[in-house]
Number of protein chains: 2
Amino acid sequence: MPSSGSSRPAIPSRVTLKDVARLSGVSEISVSRVMRDAPNISKKLRDKVNEAADTLGYTPNRVAGALKSKSSKLVAVVLPSMSNEVFSQVLDGIEAILAQHGLNAVLGLSDYDPERELRVIRELLSWSPTGIILTGLHHNETVAKMIAQQNIPVVQIMDIEGTPLQSAVGISHTKAARAAADYLVEAGYRKPAYIGAWSERPERSHARRIAFEIRLVELGAPLVTHRIAPERSSALVGAEVTAELIKSHPDTDCVFYANDDLALGGLFHAMSAGLSIPMILQFLASTGSKSGKRPRSGCPASKHPASKWERVPLNCCWRPKPRAPRL
Amino acid sequence: MPSSGSSRPAIPSRVTLKDVARLSGVSEISVSRVMRDAPNISKKLRDKVNEAADTLGYTPNRVAGALKSKSSKLVAVVLPSMSNEVFSQVLDGIEAILAQHGLNAVLGLSDYDPERELRVIRELLSWSPTGIILTGLHHNETVAKMIAQQNIPVVQIMDIEGTPLQSAVGISHTKAARAAADYLVEAGYRKPAYIGAWSERPERSHARRIAFEIRLVELGAPLVTHRIAPERSSALVGAEVTAELIKSHPDTDCVFYANDDLALGGLFHAMSAGLSIPMILQFLASTGSKSGKRPRSGCPASKHPASKWERVPLNCCWRPKPRAPRL
DNA sequence: CATTCGATTGGTAACGCTGTCAATAATAAT
DNA sequence: ATTATTATTGACAGCGTTACCAATCGAATG
């Protein structure tokens, strides 16, 4: 109990470093170091502090720490929306790894609106995150400048075709679409069609379709037709558009869907219309459990076997400090 | 540019209140008030400050604000996982409303593990969130105590059967299951089966099954059989279990699935096995676009028509201060 | 005209923690 | 033994903002 007034119940004001320091008879900074698991702490001190902290039920105040160190254990994650299954899986993966490093995700959704995305990024940056994850590679100058000011790592996901601000993790939508075209033609299909939705809003789907079409022409099996629904993608739209497409182009022998839910709808239509769907088994197989622990080699956050240490850029662990060059 | 050394490029250190105050010739606190859109600010002052802030490209440092005010514009959101479609939709909805109020979600995933949930909650609370959203009603004393210490609003979601810490938003899984039983029996089905997965890990599904079974007995159409797969739910599991169940109990005329992906798998199986599925259209219809703006009446964050104001508990807007009683 | 009350602005002191620098003990090197 | 190096601990000063209190100004009151 940090402060106990005698007159009345007293506000159980937050337990701070100071309280722990007082109880354990060491300096505040030492408590701070123990809590952060810094290197070069004697076991004796560590034990003393931990005991006091447990007794008081101390929880570090990350806000104060972030203010002083100008970097928090938060990672800004900016996604376009949660409606697309892809992004919930992405977020799941992000969170899993962040958690292993004691980091937390602060989420921002742009709803595919660049202006809104800008606002969201600005908002999230005001939390001094230790890094930021953006979706896509198309970000304007303002974004670049804002992020540069904070000097934090940026990872852009979902796309790798273009120039990333720093680093990009994703797939080449062009190559993916070409691979799909190759696969279909090799499998013997010659009358491919394409179904997209929401007017191809996320540019990535447009890039995919174009690459798909070009490759098909190269392979001598050009697209029979394509449909881009104006609505957002959904299983219902997928089913309806598929029905219409098959009806007006009965010679179509395969369909490339821009989205998983569109494909699902198409699948429903095909099944109920009695069409043969040779790939359904593959689909089912790929719908298997998405969970399971993903082991990941991280930096050894709590082991400091050697001598001199420094924070690594990600700020989540320590590494040996390079020996300073003598003059 | 807050500080520009003449000797070298100089670190473009963060633009702060002080810089804005200097440029606009007012006090720091006034700048702070303008940025927070506090009441009782003259238009002249507001304009001066805003202009200076724009010139400098000032962005408030939420971390500092949170430290001083002991409350941030973050809302802690603790969900079990992102693998279940339900939770990504829930998160989508949460984010949409929070964004309207200038709040941001900090995400924590418990992976259905109470111990891990505790860690995550502790972690998130260290950011002085302005509120916290938990999943389910079953939380132990420690959680209750930690939250009580911070004195913030708690919303528990997904379930309303039990005693919430403060408030709960969700459905009655018991009633839902009974309603499903009623519906099926009324629709003429008499040989119901049940399929669940992952050993009924989230207690809610267990509650649902029991209520379903009881109601079915009451209605004179007891469960033919049930299957609880040990693996996590997935379409593949749904398909396999359905196949097995139908084979061993061919008289089954309807199935209650614990999860949407299980049901999807069941649907696939049924379709490819040529079974009639009277409800597929309903399913398709319900898979429609999940997006769309959800209008919501919030508190008027930026209007202060009257005289004396104070922060409202949620800390996202102002309300008139009640007149202090005279002695 | 003096007084009151509310509207508007400013000054000061933290919030709780960690970066920086410094001091002391312990150990190894010469 | 003496010096160099490393391991370990501490003191101090803010980080950038806002709570709290005080001051000023104007208009309305009596």
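Here is how names work: the chains are called A, B, and so on, in the same order as the sequence lines, proteins then strands, and each is numbered from 1.
Between B/Thr16 and D/dC15 there is no side-chain polar atom (N or O) within less than 4.0 angstrom of OP1 or OP2. For the OP1/OP2 pair of D/dA19 and a distance below 4.0 Å, the side-chain nitrogens and oxygens of B/Lys70 include no atom meeting the criterion. Regarding contacts with the backbone of C/dC17, every side-chain N or O of A/Ser69 stays at 4.0 angstrom or more from both OP1 and OP2. When the side-chain nitrogen and oxygen atoms of A/Ser30 are compared with OP1 and OP2 of D/dT9, none of them lie within a distance under 4.0 Å. Proximity of A/Ser27 to the phosphate of D/dG10: a side-chain N or O atom is located under 4.0 Å from OP1 or OP2. Contact annotation: B/Arg36 reaches the phosphate of D/dA19 (side-chain N/O to OP1 or OP2, under 4.0 Å). In this model, the phosphate group of C/dT8 is approached by a side-chain N or O of B/Asn40 to a distance below 4.0 Å at OP1 or OP2. For B/Arg14, no side-chain nitrogen or oxygen approaches OP1 or OP2 of D/dC15 to under 4.0 Å.
Atom P of nucleotide D/dA7 and atom CD1 of A/Ile29 are separated by 18 Å, given to the nearest angstrom.
Each of D/dT18, D/dG10, C/dG19 was ranked by its minimum atom distance to the side chain of A/Val26; first place goes to D/dG10.
Contact annotation for A/Ser32: base contact, defined as any heavy-atom pair under 4.0 Å involving a base atom.
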Quick one: what's the B/S/- string for nucleotides 21-26 of chain D, heavy-atom cutoff under 4.0 Å, read 5' to 3'? ------
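Every salt bridge (charged side-chain N to carboxylate O under 4.0 Å, His left out) that B/Glu123 has, sequence neighbours left out, goes to A/Arg62.
The end-to-end axis angle of the helix from C/dC1-D/dG30 to C/dT30-D/dA1, rounded to 10 degrees and based on five pairs per end, is 30°.
Two residues, A/Thr59 and B/Lys44, neighbour DNA chain C, and the one matched to the more 5' nucleotide by heavy-atom proximity is B/Lys44.
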